[in-house]
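What follows is a single structure, written as structure tokens, with notes after it.
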Amino acid sequence: MSLDLVSANPFDQFDLDESETPFLPSTPDYALEDDVFSEIEDHSSLGHAAVFDAEESRAKALTSLIEIQEAAVTHGIDPLLILAGAGTGKTKSLTSRIGFLVGSQRVQPHQVLAVTFTRKASQEMKHRLAAMMGPVAKAMDVGTFHAISARLLRDNADRAGLEPNFSVLDADDQKNVVKDCYASLSYGEHIIPPDSTDSRRQVDYAFILDCIEAKKTGRGFPPNFNRGTFLTPHGIEQMYHRYERSKERMNAVDYNDILIKCRDLLRDDEAVRRYYQTLWRAVLVDEYQDTNDIQQEWLDLITDHGQGCYFTCVGDDDQSVYSFRGANIDNILSFADRYPGARIIRLEQNFRSTRAILDAANHVIAGNESRHGKALFTKGTQGSPVLVHEFSEDRGEVSWIVDDIERKLKGGMRPSQIAIISRASMELNGFQPALTMRRVPFTVTAGRKYNQTAEIKTLSAYLRLMLNRSDNAAFEYAIDAKPRGFGKESLAKLSDTARITELPMIDILADQIRNGAIRKAAVEKVKAFIEFIDEIGDDYRLGVPLDEVIRKVIAECGIKEHVQELREKAENQSDRKKADQFRKQASAIEERVEQYLFHAKEQTNIQDFVDSMSLLETDSSVDDAVWLGTIHAAKGLEFDYVYLVGWEEGIFPVVRPDTDLEEERRLAYVAMTRAKLSLLISYAKSRINRTNDGSERRPNVYINDIIEANLCTFKQFH
DNA sequence: TTCTATGAAATTTTT
DNA sequence: TTTCATAGAA
């Protein structure tokens, strides 16, 4: 049976009168523009050729599900919350539900919206959907909250009060904007001059940004907001306004803005809201426990408070670990209150870990009060006991674990089956040299790795500036990409002028060149830079392919010179090791640039491309390597052998005035449930590189809990 | 003023 | 390991 895309929509009655929706010609057709989808349409209009076999898809969606999963997958139209514990087939249930809804023709493929939090998760879901249903999966809207919202804003930019070519600022851009704003404040009223005791401390721009974001999302300032900022309360207020104004001037938005502006648009513009409510007949949310208040509102608007469509959320309140980013666990805890008639289905059968591991994890998480309450079970074996090891110092912890890993590798285990996981990335530092020394391959997934490399940022900055001349953050990055005789001082002045005149920096600069107001030493190069930006802009508008444009940028922006320089350094270097390092660096840059070009060729929409590049993770991971990372980074992953390190009171749970102990406990639960076969938890009684009073460190509460309950084997090493 | 080299400091978690 | 600040040369 082939899917008829023209009729058989049970929601035809909801369709909007076209006259009400003047924006319809531009917005509604993204799904239909898709190659695959139009192909399907062609076939179905011919009457026969079943490109998409609904019956088969439905059958596929229902295979190899256990009873409770099937209940979730086949649930009707009432709002549904699938409480899926770790390792209980969460993503499988979600994709199967999509397959079921489409396969049973309750909704059509292009009426499906599936939102995730991370790029990786949306990638994964796309793959699974494609595997289950074939090319028709491409017709579905699958993406992160941010990606979907950004597209929605671009498609309705005029209605959202934006230019359609708005830029998206990444974390670095945000920080730079904050820096500029800070520099524009005057001492006295806004800034307390640092006194002698803290004169050496520098301004913490990231913290100022936190304050701004906190204010924006209505969370109120962190308690001690002038620590490291030297700002008066009034100064913070000023910073907030200037920051917002700067972005407006730049025709740019930050991550929060994407969600906020999208929420506002949906809330305030009835036609837009109704359009998307009508378009998306099935709305599915992954990792629902991580939604913040804005995302929750967004979902209510999109789904008409869960009543207008197949609204399905999958999540685990016990794995809510992003409150520092605004995630509100109450969203998942009060699902039933928010959506009357909602059904909650618990998935508690775990397919990942041994019973020993699950028993310990269950016991730890049971110590929390605010939760729906679940207990994982398995039909698998007991497995070897959870191990808790005490070391006298962190060096011992490192060397013992690395020894143990070496033993495992000699015993035939693959490095990729093994993970070392810590609360904060700092605790991983000791492992890297030790693993290198023993030639154990490893990859680190922590903190800064997500930041884009310099070359890619440079390329993106050029493109952003080309698309949006007002993007001062991109301008500052691009003009600084290579020596142009135009440095910090000049940039600061230009930034001031830009703030006063509210004109794009690049235009002011062009003007100053015409008026001869630029230093002789800089004139030629700066002029060439501006002309180059104009030139690629013209190229692009005339239809030169994006990868051609990028090639031009690569030739201009100094990357080639930099690579060349590294190669020369390698030649002139007598130290073989250092020479190799230079060569490696050079090839790494070239490789990344190649990859960027490759992505550029794939993309049809340049805005999507530029947006996504600012978030693309650097995927230089080795294939078969021991995985090192934080608990947050490990969420969603699984390994046969897991080492959880640094489980000392004070390090984990972290000590901060606003530490949420229930969230820390959830982190412990997330960490423990990563392990499939074997779990080892360790702590050290002393840790260098950590300022403390010299007293002995103690194991954390979670360790005590499982020791007391006799759920582990405890050993001391000295 | 700009740019480079050198040394010091700093590190929760991230879309 | 990476980022940041400062000093000194051009």
Work out how far the C1' atom of dT13(B) is from that of dC4(C), and round it to whole angstrom. 23 Å
Okay, side chain of Asp316(A), backbone of Gln289(A): is any donor-acceptor separation there less than 3.5 Å? no
Heavy-atom nearest nucleotide on DNA chain B taken for Asn429(A) and for Leu259(A); more 5' hit belongs to Asn429(A)
For Lys179(A) and for Gln432(A), locate the closest nucleotide of DNA chain C by heavy-atom distance; then report the residue assigned to the nucleotide nearer the 5' terminus. Gln432(A)
Inter-residue atom distance Leu94(A).CG - Glu124(A).CD, 0.5 Å rounding: 11.5 Å
note: Asp286(A), atom CG; dT15(B), atom P; distance rounded to Å ~ 14 Å
Does dC4(C) have OP1 or OP2 under 4.0 Å away from a side-chain N or O of Lys175(A)? yes
Can you name the residues that form a salt bridge (Lys or Arg N to Asp or Glu O under 4.0 Å) with Arg666(A), not counting sequence neighbours? Glu663(A)
Atom CH2 of Trp298(A) and atom C1' of dT15(B): how far apart are they, to the nearest Å? 14 Å
Heavy-atom donor-acceptor pair, Glu397(A) side chain to Gly646(A) backbone, under 3.5 Å: yes
Quick one: does His146(A)'s side chain have a donor or acceptor within less than 3.5 Å of a partner on Ile258(A)'s backbone? no
Given dC4(C), dT14(B), dT11(B), which nucleotide is nearest the side-chain atoms of Ala633(A)? dT14(B)
Does a side chain donor of either Ser460(A) or Tyr477(A) reach within less than 3.5 Å of an acceptor in the other side chain? no
Atom-pair distance (CG on Asn256(A); P on dT15(B)), nearest Å: 13 Å
Between P of dA10(B) and OH of Tyr205(A), the distance in whole Å: 16 Å
Whole Å only: how far is the OH atom of Tyr288(A) from the P atom of dT15(B)? 21 Å
Could you run down the sub-3.5 Å N/O contacts of the protein with nucleotides 7-10 of chain C?
none

Measuring from the side chain of Thr630(A) (C-beta onward, heavy atoms only), which nucleotide among dT13(B), dT11(B), dT15(B) has the closest atom? dT13(B)
Taking atom P of dA5(B) as reference, at what distance in whole Å does atom CD of Glu565(A) sit? 8 Å
Please state whether the rings of Phe652(A) and Trp647(A) are parallel, tilted or perpendicular, taking 30° and 60° as the class boundaries. perpendicular
N/O contacts under 3.5 Å, protein versus nucleotides 1-4 of chain B?
| residue | atom | partner | partner atom | Å |
| --- | --- | --- | --- | --- |
| dT2(B) | OP1 | Gly487(A) | N | 3.0 |
| dT2(B) | OP1 | Ser490(A) | OG | 2.0 |
| dT2(B) | OP2 | Glu489(A) | N | 3.1 |
| dC3(B) | OP1 | Arg484(A) | N | 3.0 |
| dC3(B) | OP1 | Gly485(A) | N | 2.6 |

Taking CZ from Phe652(A) and P from dT13(B), how many angstroms apart are they, rounded to a whole number? 13 Å
Donor-acceptor pair between Thr291(A) and Asn331(A) side chains, under 3.5 angstrom: yes
Whole angstrom is fine here: how far is it from NZ in Lys635(A) over to P in dT15(B)? 11 Å
So, Asn368(A) versus Tyr669(A): side-chain donor-acceptor pair below 3.5 Å or not? no
